[in-house]
Amino acid sequence: ILHLPKERKLAVFDANAAKVVKYLPVAEEDVKFAANKDTLIVLAPAANVVQRWSLATLEKEATLPSPFSVPVKSLTMGSESAGPLVAVTKSAQNLPPGILLLDPKTLRKADLTLDGGRGGANAWHPSYPPEVRVSGNGDVLTAWVLGLSPSGVYVWARQGKAYKGFHAHDSWGALLPSADGRTLEITFEKLQPV
């Protein structure tokens with residue numbers, strides 16, 4: 001799914017056919033979106049709505065009121081998963097940034113917990129929401145925080161209805177889980193001389 005903000009569209013690119021197979025209209029330029037194996041979720045923050053699209057038919061299934069009471073930095077899902085929809089929120093209303101796990105079909109809180117260790121999944125610096133990536137199968141979540149030193153190393157692996165976490169007070173750079181969640185690609189930050 002490719003975002004074309006000026007045209008207010010999302011382009012659905014079929015990698016097998018090597019072409020765009022459909023353009024989906026969006027209500028505004030600054031949408032947030034994520035897709036899994038079946039579903040595309042599109043948040044239009046200004047309109048305060050979420051659209052759910054079927055990737056099988058490329059038709060809109062529903063337009064729902066946004067479940068978010070604070071601004072959203074990003075949405076992500078595992079490309080071969082059934083969810084969860086992972087939303088990273090920004091600071092607002094005396095709340096720090098956070099990571100929310102939602103059911104992509106209902107947009108309600110997923111029946112999953114996120115054990116963040118060191119204060120949990122919502123113990124982020126007020127000015128710096130985390131960068132989050134999800135493995136293709138949805139079983140591993142990773143996070144780090146741009147703008148802070150150290151940027152932190154967060155890795156959660158799904159065990160039943162919980163994501164169990166690991167945290168290191170260090171800077172490894174971007175943490176990209178593999179499709180099957182078994183390995184991490186780490187893009188190391190360039191070390192600066194002191």
Side-chain angles (χ1 to χ4, degrees), residues 1-11 24-36 39-53 60-79 81 83-135 138 140-156 163 165 167 171 173-177:
I1 310 294
L2 308 170
H3 187 203
L4 307 171
K6 297 292 183 203
E7 291 84 9
R8 293 188 176 191
K9 293 179 183 176
L10 295 175
L24 307 177
V26 294
E28 54 203 66
E29 287 183 23
D30 187 28
V31 296
K32 311 297 182 200
F33 64 96
N36 65 14
T39 304
L40 168 67
I41 302 292
V42 181
L43 168 65
N48 204 31
V49 297
V50 174
Q51 294 177 340
R52 188 178 65 238
W53 292 77
K60 188 173 14 173
E61 293 179 332
T63 299
L64 306 165
S66 172
F68 306 107
S69 59
V70 295
V72 173
K73 177 186 182 224
S74 64
L75 297 175
T76 189
M77 283 192 283
S79 60
S81 74
L85 172 65
V86 181
V88 177
T89 62
K90 298 178 183 179
S91 293
Q93 305 165 2
N94 296 322
L95 296 172
I99 300 174
L100 306 174
L101 304 178
L102 304 174
D103 180 309
K105 293 292 183 192
T106 65
L107 297 180
R108 293 191 176 112
K109 185 179 181 309
D111 187 21
L112 297 165
T113 59
L114 186 64
D115 166 26
R118 254 196 82 152
N122 294 308
W124 306 101
H125 187 285
S127 300
Y128 300 98
E131 298 293 323
V132 173
R133 299 297 182 268
V134 180
S135 64
V140 174
L141 311 177
T142 61
W144 66 97
V145 182
L146 294 175
L148 291 181
S149 181
S151 59
V153 176
Y154 297 86
V155 180
W156 296 273
Y163 283 92
H167 170 261
S171 290
L175 305 167
L176 309 174

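Annotation: side chain to side chain donor-acceptor pair (under 3.5 Å) contacts involving residues 100-112, sequence neighbours excluded, comprise T39-K105, D111-K161.
Between the CD atom in E61 and the CG atom in L40 there is a gap of 10.0 Å [rounded to 0.5 Å]. To the nearest 0.5 Å, the span separating NE2 on H3 from NZ on K32 amounts to 8.5 Å. Taking CZ of R133 as the start and CG of L141 as the end, the distance is 12.0 Å to the nearest 0.5 Å. One distance of note links CG of L24 with CG of L4; it measures 10.0 Å at 0.5 Å rounding.
Shown here for P84 and M77, the closest heavy-atom pair between the two residues is O-CG, 3.3 Å. Closest heavy-atom contact between P104 and R52: O-CD, 3.5 Å. Looking at every heavy atom in both residues, Y163 comes nearest to G138 through OH-O, 2.6 Å. The two residues A143 and W124 make their nearest non-hydrogen contact at CB-CH2, 4.1 Å. Nearest approach of P71 to A92, heavy atoms of both residues: CD-CB, 3.5 Å. Residues K73 and P130 approach most closely at NZ-O, 3.3 Å, considering heavy atoms.
Side-chain atoms of T89 come within 3.5 Å of backbone atoms of G98 as a donor-acceptor pair (strictly under, hydrogens ignored). Judged purely by atom type and a 3.5 angstrom limit, E131 has no side-chain atom pairing as donor or acceptor with the backbone of L146. Between the side chain of T142 and the backbone N or O of L175 there is at least one donor-acceptor pair closer than 3.5 Å. At least one donor-acceptor pair closer than 3.5 Å links the side chain of S171 to the backbone N or O of S151. Counting only distance, with no hydrogens or angles, the side chain of H125 and the backbone of P97 share no donor-acceptor pair below 3.5 Å. With W156 contributing its side chain and D115 its backbone, the two residues share a donor-acceptor pair below 3.5 Å.
Looking at V72 and V88, their side chains never come closer than 4.5 Å, going by heavy atoms from C-beta outward.
Checked options T76, V50, L102; the residue passing with I41 is V50 (criterion: side chain to side chain contact (heavy atoms under 4.5 Å, CB included)). V31 pairs in a side chain to side chain contact (heavy atoms under 4.5 Å, CB included) with only one of the listed residues (L75, L43, V26), which is V26.
Between W53 and F33, the gap from one ring centroid to the other reaches at least 6.0 Å.
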